[in-house]
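Both counts, for ligands and for their atoms, begin at 1 and track the order of listing.
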Amino acid sequence: MSYDVIVIGAGPAGYVAAIRCAQLGLKTVCVDAWQDRDGSPVPGGTCLNAGCIPSKALLESSEFYENIHRSGRHHGITVTRAVLDVPAMMQRKDEIVRDLTTGIAALFKANGVEWIAGHGQLQPDCHVQVTPHAGEATVIKAAQVILATGSAPVGIDAAPLQDDIIVDSSGALEWQSVPAHVGIIGAGVIGLELGSVWRRLGAEVTLLEAQDVFLAMVDQQIARTALRLFKQQGLNIHLDALVKSTQVVDGSVVLDYQDRNGKHPLKVDRLIVAVGRRPCTDGLASEEAELLLDEGGFIHVDADCRTSLPGVYAIGDAVRGPMLAHKGSEEGMAVAERIAGQSAEVNYDAIASVIYTQPEIAWVGKTEEALRGSGTAFNSGLFPFAASGRARAMQETDGMVKVLSDAATDRVLGVHIIGAHASELIAQAVIAMEFGSSSEDIARTVFAHPTLSEALHEAAMDVGGRAIHIAKARRT
Ligand code: FAD
Ligand code: AMP
């Protein structure tokens, strides 16, 4: 069979690329290997099946459960007993995933994208060998190929996965009851989100993080606030704690971790290994295809997502850049448009990152540490949610908005938020940065009152030393 475009991988990078190609009139096929628990093929990749969507479904459910106890009291509402039904919570999550993946299959059909279940392997000259889950391999070819094979959890020798006792992030989204004590190796984005879910549902949660800096990629003023708030919530977070060994004994996990004071034992009921993700590129291309990989197994691409091979592009988690669904989707659309002869660009400087904890953490652009490191002179403005009327009405006063702008031009270089709905608020900062705004542009924009967004407005005004609702002395 011959196509204009073959896409390998139907995650948020690949399925978006395939749909955009079809919209642009290209005859497109998407080959994907994902199978659900029953072995049925499903599109959507990690994001829909074992990542963004199921984790957010459980974060919402567990926050709802916790709020019944935590917030009710503040609002003058006492709930004497809330009954937790974990299997029902999991079923709700599974239904959301099923609805969304069915939706992608429907979008493929509506746009005329052919979808083939099976493993794709790139061969020379834009040929792809497709090995179905059952049956004989076939070879298809196209004028262009887009590789979008995503990523998978990294494993470590110190903690091999075992049944539902030592699990990766996928396993931790499937437990049907609340373990008494959950250990998590890695206090990164995924470890913190999964830890939050199980803590809110009643587990004691201990995170062991090898680095001695908490959330090193986050602006450290925000990270310090986060660490304080997470510890207050009851998350046990040990930094500088390298897990050396694990052993399953009578259904529990006994592990050893090393910190600057020596080796310590810890016993937990369940353990989540959340130490990062690696690109899925093993066996993706035949040796004859000679696809160039970078260190770490990422597919080598240029700024336009072109690989070392003519007509072959690569996008999403399998290539350099942040491992985020929206980054992969944007690359997918841009590559489709380039193939169709249009021009398209992805602005890697304005891609937001979010950690969906409570409060949420969201940022775009440079941190204070990065600006100092590069010797860039900047001004900073800060506004705490404690001074926001809406945040007070919501009983969500933790956190702040911080705006960093170039000292010479006032162009916004970074916005960092920790607080309720930070994941939504950050979009305003992304738009501002995409449009090359100055902090004064934001400061002179009219924001509705009372809203959490006003904290961004005030932080931008604070860059110029003219925030209204906070006295200068109280800013830090
Ligand atoms: P994937 O989604 O991994 O999809 C790749 C697809 O390719 C898969 O279906 C795979 O089976 C298939 N495939 C691989 N190799 C082959 C082959 N040779 N042949 C055929 N098919 C193949 N990101 C966010 O932006 N926001 C979040 O809130 C968020 N939360 C997350 C929570 C968790 C628990 C996890 C694990 C990840 C989360 N992520 C989040 C990251 C996000 O899931 C990834 O960035 C995103 O899925 C990457 O998209 P992708 O299309 O590149 O790859
Ligand atoms: P992320 O890359 O955001 O998913 O975070 C993964 C985290 O796991 C990183 O901060 C790593 O430092 C941490 N990590 C990796 N290996 C270990 C280990 N053996 N013990 C504890 N933490 C680890």
Side-chain angles (χ1 to χ4, degrees), residues 7-17 30-35 41-56 58-59 101 116-122 128-131 147-159 168-170 172-173 184-194 197 207-218 238-246 255 257-259 272-285 314-319 321-329 331-332 351-356 423:
V7 182
I8 305 183
Y15 84 74
V16 168
C30 187
V31 181
D32 187 85
W34 197 283
Q35 292 173 281
V42 273
T46 305
C47 170
L48 271 81
N49 293 290
C52 322
I53 299 300
S55 61
K56 264 81 256 179
L58 293 182
L59 279 157
T101 54
I116 306 181
H119 182 270
Q121 189 187 53
L122 183 71
V128 172
Q129 178 177 295
V130 181
T131 310
L147 306 172
T149 50
S151 64
V154 170
I156 50 173
D157 291 343
D168 59 16
S169 57
S170 304
L173 294 166
I184 303 180
I185 310 181
V189 178
I190 292 175
L192 285 167
E193 290 187 5
L194 293 172
V197 166
L207 292 119
L208 300 167
E209 166 56 55
Q211 292 192 52
D212 56 2
V213 177
F214 183 59
L215 292 176
M217 68 294 196
V218 174
H238 297 289
L239 300 177
D240 178 34
L242 180 71
V243 174
K244 302 291 264 188
S245 70
T246 56
L255 61 82
Y257 67 92
Q258 174 104 39
D259 64 17
I272 305 171
V273 183
V275 295
R277 298 181 63 79
R278 60 172 176 81
C280 291
T281 50
D282 292 347
L284 170 60
I315 57 176
D317 280 12
V319 305
M323 286 181 152
L324 295 169
H326 42 290
K327 174 263 193 184
S329 298
E331 289 180 331
I351 294 178
S353 296
V354 179
I355 310 178
Y356 293 82
S423 59

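- For the pair Val243 and Val275, the minimum side-chain heavy-atom distance is 4.5 Å or more.
- Closest to atom 16 (C) of ligand 1 among all protein heavy atoms lies Thr149 CG2, 3.5 Å.
- For the ligand labelled ligand 1, residue Ala50 lies inside the 4.0 Å heavy-atom shell.
- For atom 45 (O) of ligand 1, the closest non-hydrogen atom of the protein is Asp317 OD1, 2.9 Å.
- Here the CG atom belonging to Leu192 is positioned 4.5 Å from the CZ atom belonging to Phe214, to the nearest 0.5 angstrom.
- Looking at Ser55 against ligand 1, only its side chain comes within 4.0 Å, counting heavy atoms.
- Nearest-heavy-atom check against atom 49 (O) of ligand 1 across Gly11, Pro12, Gly328 picks out Pro12.
- In this structure, atom 32 (C) of ligand 1 lies nearest to the protein heavy atom Gly51 C, 3.4 Å.
- Those atoms of ligand 1 with a heavy atom of Cys47 less than 4.0 angstrom away are 2 (O), 43 (O), 47 (O).
- Which parts of ligand 2 touch Ala241 is read off a 4.0 Å heavy-atom cut-off, strictly below it: atoms 20 (N), 21 (C).
- For ligand 2, the atoms lying closer than 4.0 Å to a non-hydrogen atom of Gln211 are 10 (O), 12 (O).
- Proximity of Leu255 to Leu208: side-chain heavy atoms (C-beta onward) are separated by under 4.5 Å at one or more points.
- Near Ile8, the atoms of ligand 1 lying under 4.0 angstrom from a non-hydrogen atom of the residue are 17 (C), 19 (N), 20 (C).
- When heavy-atom distances to ligand 1 are checked against a 4.0 Å cut-off, Lys56 comes that close only through its side chain, counted from C-beta outward.
- Of the protein's heavy atoms, Ala13 N, 2.9 Å lies nearest to atom 51 (O) of ligand 1.
- The Gly316 neighbourhood of ligand 1 comprises atoms 52 (O), with distances under 4.0 Å to a heavy atom of that residue.
- Atom numbering of ligand 1 starts at 1 in the shown order; those under 4.0 Å from a heavy atom of His326 are 25 (O).
- The ligand atoms of ligand 2 that sit less than 4.0 angstrom from a heavy atom of Gly276 are 2 (O), 4 (O), 6 (C).
- Residue contacts with ligand 2 for Ala158 are absent, since no atom lies close enough (heavy atoms, distance under 4.0 Å).
- Of all the heavy atoms of Tyr15, none lies under 4.0 Å from any atom of ligand 1, so neither backbone nor side chain is involved.
- Nearest protein heavy-atom neighbour of atom 12 (C) of ligand 1: Asp32 OD1, 3.3 Å.
- Looking only at heavy atoms of the protein, atom 2 (O) of ligand 1 is closest to Thr46 N, 2.9 Å.
- Of the candidates Ser245, Gly188, Ala210, Gly188 brings a heavy atom nearest to atom 1 (P) of ligand 2.
- Between Val243, Ile184, Val213, it is Val243 that holds the heavy atom closest to atom 20 (N) of ligand 2.
- Near Val189, meaning under 4.0 Å from any of its heavy atoms, are these atoms of ligand 2: 3 (O).
- Shortest contact from atom 41 (C) of ligand 1 to any protein heavy atom: Met323 O, 3.8 Å.
- With a heavy-atom cut-off of 4.0 Å, Ile190 does not touch ligand 2 at all.
- Among the atoms of Tyr356, none of the N or O lies under 3.5 angstrom from an N or O of ligand 1.
- Contact annotation: for Ala159 versus ligand 2, there are no heavy atoms closer than 4.0 Å.
- Protein heavy atom nearest atom 19 (N) of ligand 1, with residue, atom name and distance: Gly120 N, 2.8 Å.
- Below 4.0 Å from some heavy atom of Gly186 lie the following atoms of ligand 2, by number and element: 7 (C), 8 (O), 13 (C), 22 (N).
- Under a 4.0 Å criterion applied to the non-hydrogen atoms of Ile156, ligand 2 contributes the atoms 19 (N).
- Using a 4.0 Å cut-off between heavy atoms, Gln121 makes no contact with ligand 1 at all.
- Near Trp34, with a cut-off below 4.0 Å to any heavy atom, the atoms of ligand 1 are 8 (C), 9 (O), 11 (O).
- Only the backbone of Ser151 comes within 4.0 Å of ligand 1, counting heavy atoms alone; no side-chain atom from C-beta on gets that close.
- The closest non-hydrogen atom to atom 26 (N) of ligand 1, taken over Cys52, Ser423, Pro54, Pro41, comes from Cys52.
- Heavy-atom proximity to Gly45, at under 4.0 Å, picks out these atoms of ligand 1: 2 (O), 4 (O), 8 (C), 9 (O).
- The backbone and the side chain of Leu324 each have at least one atom closer than 4.0 Å to an atom of ligand 1 (non-hydrogen atoms only).
- Ligand 1 has no atom lying under 4.0 Å from any heavy atom of Ala152.
- Ligand-side atoms of ligand 1 in range of Arg277: 36 (C), range being under 4.0 angstrom from any heavy atom.
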